[in-house]
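In the text below, chain A, chain B and the rest are named by the order of the sequence lines, each starting its count at 1.
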Amino acid sequence: MAQMYNPKEIERKWQDRWEKSAAFTAEDNSQKPKQYILDMFPYPSGEGLHVGHVEGYTATDIYSRYKRMKGFNVLHPMGWDAFGLPAENYAIKTSVAPQETTDKSINNFRRQIKALGFSYDWSREVGTHNPDYYRWTQWLFTKFFEKGLVYKKKALVNWDPVDQTVLANEQVLPDGTAERSGAKVEKKDLEQWFFKITDYANELEDSLEQLDWPESTKINQRNWIGRSEGAELEFKIDGHQVSIKVFTTRSDTLFGATYLVLAPEHPELLNLKLQITNWDEVETYINEAKNKSDIDRSADGKEKTGVELKGIMAINPANKEEMPVWVADYVLGHYGTGAIMAVPAHDERDYEFAQRFGLPVRQVLEPFYTQETEPGKVKKDMPYDHRNAIIAVVKHWSEDKYIALKWKQVAWVTFVTGGIEEGQTAEEAAKMEIEQETGYTSAELVEDYGLIHGLFYHVPKKVNRVAHAQALLFALKNDSRQEVSAEELEKHEVLWLSAEELKRQLTPGTHQHTLRLMLGTQGPYIGPGILNNSGTFDGMQSEEAKQKITEFVGGKTKTTYRLRDWLISRQRYWGAPIPIVYDPEGKAHSIPEEHLPWMLPTDVEFKPTGTSPLGQSKELLERTERIFGKGWRPEIDTMDTFVCSSWYFLRFADAHNKKEFASKEELNKWLPVDLYVGGAEHTVLHLLYGRFFTKALHDMGYLAFDEPFLRLRHQGLILAVDGNKMSKSKGNVVNPDDIIVEYGADILRLYMMFMGPLEQMKPWNTQNIAGVQRFLERVWRLGTTLRTNEPKLEAKSSSQEALLHRTIKKVGDDIESLKMNTAVSALMILLNECEKEEVSSDTYKIFLQLLAPFAPHIVHELAEKNGVDLAKWPAYDESKLVAKTLIIGVQVDGKLRGSIELAVDAPQAEALAAARVHPAVAKWLNKGEKKVFYVPGKIVSFSTV
RNA sequence: GCCGCGGUGGCGGAAUUGGUAGACGCAAGGGACUCAAAAUCCCUCGACCGCAAGGUCAUGAGAGUUCGAUUCUCUCCCGCGGCACCA
């Protein structure tokens with residue numbers, strides 16, 4: 001009599017066994033190839049494990065178990081990102097020490113994770129709050145300090161008034177609130193410790209390319225690093241020794257620079273104090289700016305402000321013209337040189353500012369579009385991909401309809417700007433003007449080029465310049481016009497071609513045209529173009545001009561980054577103490593290795609006072625004086641917890657090393673991480689810092705690699721049943737514990753994988769659990785009754801055999817690419833087939849092997865009962881992947897009309913013959929066949945047109 | 001505003017060197033078993049027309065390329081994520 005599937009019992013049994021036998025310990029001495037599979041370690045919050053954790057951890061667990069079966073030596077560790085504010089805030093409320101809260105949470109997390117049967121190597125568990133661990137965090141800090149990668153400076157920093165601490169730029173959201181507390185971030189001028197991550201800006205950008213990471217994550221990092229290549233140009237102040245350096249990416253527009261702008265923080269302002277005749281006004285402005293937050297300075301739709309520095313003038317090095325100098329807070333002090341040259345004609349911000357204060361606008365660029373045409377073809381080397389853009393709408397001359405014209409259909413375009421004479425139609429005016437301008441009659445254009453004319457009808461939005469044009473002549477390359485409804489007319493933009501240019505380009509006998517077109521918009525033109533009003537540089541293209549003009553004025557090319565140094569000081573208690581002491585003169589010294597770990601003192605109150613809690617510790621002060629001498633003071637800030645998590649993946653290689661943060665040998669054996677899975681919220685913070693640490697340690701000679709995570713994937717957010725984010729306040733949180741109690745770990749794991757693609761955001765739906773539950777129950781039933789069946793040995797039909805081999809291949813491939821949802825569905829299909837045809841025990845055994853990584857408990861139990869070897873992943877036979885015959889569709893004119901069964905390799909003649917006699921097909925073929933397509937194993941397609 | 005990703009049945013989602021759209025599962029309807037229910041098993045299940053055979057439409061909307069488009073190209077709409085005075 002078969003027993004019922006009892007997940008609770010089975011799961012407890014196998015979890016105990018795995019625990020006792022330390023079944024998943026990575027092998028220290030092994031000939032097998034290694035595989036380091038890592039989850040982002042969790043912050044052990046009091047709320048316990050979230051289903052989002054379960055999703056990611058299940059995926060890596062399946063991957064790890066699969067890799068072990070494939071013969072890899074797998075390192076799959078787990079640890080705790082244990083420092084952080086929630087435990088400290090809890091301490092403030094309840095006076096329970098953070099240490100105690102944290103350990104309790106960790107125990108709960110560990111219990112929950114073990115209840116899911118994940119195959120972690122628990123012997124390598126680490127917690128960042130353990131002195132054994134933070135001792136090495138501190139040690140790394142001192143090494144960075146020695147290398148000059150850590151420094152202290154006074155800076156305007158982000159201050160979180162709720163959490164009472166400073167924050168890194170990365171921890172402030174775009175709306176100016178703190179990521180963690182939600183408080184509005186303030187500016188404070190404080191002396192703080194920084195990591196010099198900017199030293200690595202270039203490398204961090206460059207090596208992104210080689211990583212197998214989600215493209216969006218790479219782009220986020222690129223944006224954050226913000227590499228920008230340009231030039232540094234120097235502007236002399238007329239009659240003084242002083243000169244102002246500006247950074248620009250558009251030195252090609254230098255001749256159009258009509259004024260300079262300095263940031264309010266610009267140091268040169270004070271040096272010019274005596275020359276500036278309206279200093280009072282300027283000073284007031286500077287002080288106002290200082291008190292504004294970044295958000296206020298850049299508030300949406302805010303009008304730009306600024307004050308002219310009266311009494312001084314700068315000289316444009318290109319044309320030696322005088323230009324006024326302004327101070328304005330739209331220029332940022334910390335980026336580039338803190339000063340810009342303003343080119344209002346070709347920069348939106350400068351344009352806006354110039355309009356506001358009546359400053360001159362000088363246009364020095366004409367936009368261009370290069371189009372190389374063969375008859376009917378457009379090459380892909382246009383600066384802008386406007387080939388398919390609808391550029392205008394015309395009323396056709398001879399037919400009464402509106403036509404949308406795409407750029408690729410247009411050989412040239414012009415507008416008639418001269419107006420319409422009395423008694424003249426727009427059409428006639430167009431013809432007249434085009435004849436005057438080009439020397440060709442419209443009839444000749446039609447004759448020579450096979451073109452069609454259209455009458456300009458509509459003045460589209462955004463186009464001011466041609467708003468009063470009366471008509472336009474179109475020349476179409478072909479006749480594939482698209483009719484447009486009157487409403488759609490509103491939407492289109494029109495490109496402008498000057499009449500002279502048209503004339504110049506009209507060279508009969510060639511199909512190469514360079515068309516210079518101008519967007520008929522009012523604002524600045526910010527794209528590349530051809531220079532004018534630029535002295536000897538007229539006619540040159542932007543790219544070339546950038547370099548030439550930079551040389552011409554003696555500037556130098558320069559690369560600038562948006563990335564700023566990483567502020568790591570925190571005025572909080574629950575973190576790793578910064579291992580620095582100050583001598584009586586106030587000079588900072590790193591704490592020598594023999595005094596590490598530099599213990600976090602315990603004699604402190606947790607009430608926030610705005611200064612670091614460590615400052616209250618008598619013990620810390622006494623310790624410092626005892627070790628270093630009278631008058632020495634300890635640093636009382638702690639480190640950002642992101643420092644702790646920037647190297648934990650290294651520690652796992654050698655988690656209990658007492659002499660080093662990890663031995664070189666172990667590091668280079670296990671690292672880099674082969675697969676890293678975690679939430680997308682870490683796209684810049686943790687992942688950038690971890691890369692920075694790795695590169696810095698590589699350069700110091702500790703690591704043989706310089707990228708920590710070769711392959712990265714994010715798990716998608718799990719939404720609540722109601723489609724909202726899960727949150728305690730909404731009461732819609734799903735607790736993994738509850739699901740395990742009700743269904744068991746295997747069902748939860750399988751359900752989470754079956755929900756959908758790993759990286760996608762997916763809503764939780766308890767109802768759907770029934771599907772995987774039934775599946776496992778059927779697996780169980782089949783497994784427990786198997787012995788009572790007479791196994792039918794390999795009496796399988798070709799199609800069933802093909803299914804088995806295809807499933808082996810598919811499940812393996814899907815695990816490799818983390819498409820767990822389709823792997824589960826393939827397993828379901830195989831099981832369905834097994835049940836239908838009365839399973840052979842061999843097929844079922846292979847099925848169990850395939851299911852093992854997904855639902856390890858039930859499979860181990862059934863494998864034990866049925867004598868299945870779970871140490872090996874089954875192999876498939878390439879030659880058996882395809883059934884000998886299969887059913888393919890027959891189309892006539894693209895519509896499916898029937899299907900026929902054919903041998904996979906049936907020759908075309910046979911396939912066509914079979915298709916033609918199919919009655920449903922035959923009746924559509926009476927018009928006669930024009931063309932036939934046969935793709936073996938896929939389709940037969942007839943065309944009658 | 002810019003960049004990136006996405007939009008497929010009642011629902012979660014399958015399907016890409018372009019080749020039978022809707023795999024697998026949930027829900028729903030019908031049936032078998034049962035005194036009854038649960039569980040289990042079988043059948044139906046994109047929309048419309050039709051007794052049926054069959055046909056028409058259908059992957060956010062519109063167009064294009066193709067014998068053939070969820071897949072490639074373009075325009076537009078909507079959702080999500082990131083960036084947003086970075087010169």
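Among the protein residues, A:Arg222 comes within range of no part of the nucleic acid, since none of its heavy atoms lies under 4.0 Å from any strand.
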- For A:Val325 and A:Phe235, what are the C-alpha separation, side-chain angles and deciding distance, and is it a side-chain contact (heavy atoms from CB on, under 4.5 Å)? CA-CA 10 Å; A:Val325 183; A:Phe235 288 71; over 6 Å; no
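At a cut-off of 3.5 angstrom, the base of B:C67 holds no donor-acceptor pair with the side chain of A:Lys930.
Within the shown strands, nothing qualifies as a pairing partner of B:A21 under the Watson-Crick or G-U definition with both distances less than 3.5 Å. With a 3.5 Å ceiling on both atom-pair distances, B:A27 lacks any Watson-Crick or G-U wobble partner. The partner of B:U65 cannot be assigned: no Watson-Crick or G-U wobble pair with both contacts below 3.5 Å exists in any strand. Across all strands shown, B:G81 pairs with B:C3; the Watson-Crick or G-U wobble distances both stay below 3.5 Å.
Ring-plane geometry between A:Trp326 and A:Phe357 is classed as tilted, the angle between the planes lying from 30 to 60 degrees on a 0 to 90 degree scale.
In this entry the distance linking CD1 of A:Ile939 with P of B:G19 reads 9 Å, nearest Å. Rounded to an integer number of Å, the gap from CD of A:Gln773 to P of B:A38 is 16 Å. One atom, CG of A:Asn821, and another, C1' of B:A14, lie 8 Å apart when rounded to the nearest Å. Spacing between atom CD of A:Gln767 and atom C1' of B:A27 amounts to 6 Å, rounded to whole angstrom units. In this entry the distance linking CD of A:Glu352 with C1' of B:A87 reads 14 Å, nearest Å. B:C85 atom P lies 20 Å from atom CE of A:Met341, rounded to whole Å. Spacing between atom CE of A:Met820 and atom C1' of B:G13 amounts to 17 Å, rounded to whole angstrom units. Atom CD1 of A:Ile888 and atom P of B:C67 are 20 Å apart (whole Å).
B:G54 sits 23 Å from B:C67 when the C1' atoms are compared, rounded to a whole Å. B:G60 sits 16 Å from B:A15 when the P atoms are compared, rounded to a whole Å. Atom name C1', nucleotides B:U44 and B:C35: the rounded distance is 29 Å, in whole Å. B:U71 and B:U65 are spaced 14 Å apart, taking the C1' atom of each and rounding to whole Å. A distance of about 14 Å separates the C1' atoms of B:G13 and B:A27, rounded to the whole Å. Rounded to whole Å, the separation between the C1' atoms of B:G68 and B:A32 comes to 44 Å. Nucleotides B:A61 and B:U70, compared at atom P, are 11 Å apart to the nearest Å. Taking atom C1' in both B:A36 and B:U20, the straight-line distance is 46 Å, to the nearest Å.
Of the candidate nucleotides B:C26, B:A23, B:U56, B:A23 has the atom nearest to the side chain of A:Ser825. The side chain of A:Pro757 sits closest to B:G13 out of B:A23, B:C67, B:G13. Set against B:C24, B:A87, B:C83, the side chain of A:Thr248 has B:A87 as its closest nucleotide. Here B:G19 is the nucleotide among B:C41, B:C85, B:G19 with the atom lying nearest to any side-chain atom of A:Val935. The listed nucleotides are B:C24, B:A15, B:A87; the one nearest the side chain of A:Asn832 is B:C24.
OP1 or OP2 of B:A87 sits under 4.0 Å from a side-chain N or O of A:Tyr335. Side-chain nitrogen and oxygen atoms of A:Arg774 include at least one within less than 4.0 Å of the OP1 or OP2 phosphate oxygen of B:C26. A sub-4.0 Å separation between OP1 or OP2 of B:G19 and a side-chain N or O of A:Lys938 is absent.
Checked against a 6.0 Å centroid threshold, the rings of A:Phe353 and A:Tyr259 count as neighbours.
Residues A:Phe942 and A:Lys810 each lie close to RNA chain B; by heavy-atom proximity, the contact nearer the 5' end of the strand is made by A:Lys810.
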Side-chain donor-acceptor pairs of residues 931-938 of chain A under 3.5 Å, sequence neighbours excluded:
from, atom 1, to, atom 2, distance (Å)
A:Tyr934, OH, A:Ala906, O, 2.8

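Listed here is the closest heavy atom pair of A:Asp350 and A:Val343: OD2-N, 2.9 Å.
Across residues 890-898 of chain A, A:Gln891, A:Asp893, A:Gly894, A:Lys895, A:Leu896, A:Arg897 each have a non-hydrogen atom less than 4.0 Å from an atom of RNA chain B (numbered order).
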Find every protein N or O atom lying less than 3.5 Å from an N or O atom of nucleotides 4-12 of chain B, and list the pairs.
from, atom 1, to, atom 2, distance (Å)
B:G12, O2', A:Met755, O, 2.6

